[in-house]
Amino acid sequence: MLLRDQAQQYKELHAPQRSSYLGTLCRNFIKYVAPSLMMLVLFSLAVMSFSSEPATAAPQGFEQELSTHHKAAPSEQPKGFSANNMRRASPQGFGIEQSTSPNTVKGVLHNAKSNDYVVLEGTFIAPTEKSQHTYRFADAAGDTIEVDISESNNATAPQPNTKYYLWGMVSRDWFSTSINVIEFTPIG
């Protein structure tokens, strides 16, 4: 009997208190209404951020060629284009926009970031030990860089002692810089 009384007292002391109407209301609000309100707030913030952003401009360095019979008024021209200079321009990069000459290997090794597009002028050196699609490419200064032609648009392998223009994308990691070749064409 004593044991049963102690168990009953323990149960009364540590049993959860009967919740009041207000407690039930708060619990149900947190469980059902609060997540819906949070989603509504996040959705409205997303809509406001998209509607307040300015229209995206075209990449810098591209210029619009306007024909003489169809010229838009200056206020109607798209942003990011320049009608003043009628010659086509290459994409802005690390040095292409300052001159019309190709990049140098030294410039690529020191300034290029991963996924930058480059144009180089030089010659291919024999394939490396890695693969028959991996070459060393040397520019006029004698600097070399590793290039991978496996994904290029060319059907034939490059010829030694022939100057080429090489278009590619820089691939950079912690310890090396190489170029994934898009296309290469002989000069002259």
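Keep in mind that what you see is a predicted model, and the values were worked out from it rather than measured.
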Would you check if [X] and [Y] make a side-chain contact, meaning some heavy-atom pair closer than 4.5 Å?
{"X": "Y117", "Y": "V170", "result": "no"}
{"X": "L109", "Y": "I145", "result": "yes"}
{"X": "N180", "Y": "E151", "result": "no"}
{"X": "P158", "Y": "Y164", "result": "yes"}
{"X": "T134", "Y": "E146", "result": "yes"}

Nearest heavy atoms of [X] and [Y], plus distance in Å:
{"X": "G122", "Y": "F137", "value": "N-CZ, 3.3 Å"}
{"X": "S131", "Y": "P127", "value": "O-CB, 4.0 Å"}
{"X": "V105", "Y": "L120", "value": "N-CD2, 3.9 Å"}
{"X": "D139", "Y": "K106", "value": "OD2-N, 4.4 Å"}
{"X": "A157", "Y": "Q159", "value": "O-NE2, 3.5 Å"}

Is there a continuous path of hydrophobic side-chain contacts, each under 4.5 Å between heavy atoms, that joins [X] to [Y]?
{"X": "I125", "Y": "F184", "answer": "no"}
{"X": "M38", "Y": "I30", "answer": "no"}
{"X": "L45", "Y": "M39", "answer": "no"}

### Task
State the NE2-CD1 distance between H133 and I149, to the nearest 0.5 angstrom.
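It comes to 7.0 Å.
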### Message
Applying side-chain contact (heavy atoms from CB on, under 4.5 Å) to L166 and I179, what does each step give before you reach the verdict?
### Response
CA-CA 10 Å; L166 176 140; I179 296 175; 4.0 Å; yes
#### Entry: R172 side chain vs N115 backbone, donor-acceptor pair below 3.5 Å
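Here the side-chain-to-backbone pair does not exist.
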### Query
So, N111 side chain and V108 main chain: donor-acceptor pair closer than 3.5 Å or not?
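Side chain of N111 to backbone of V108: no pair is present.
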### Query
Of all residues at least two apart in sequence or in a different chain, which pass the side chain to side chain contact (heavy atoms under 4.5 Å, CB included) check with T185?
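Y165, W167, E183.
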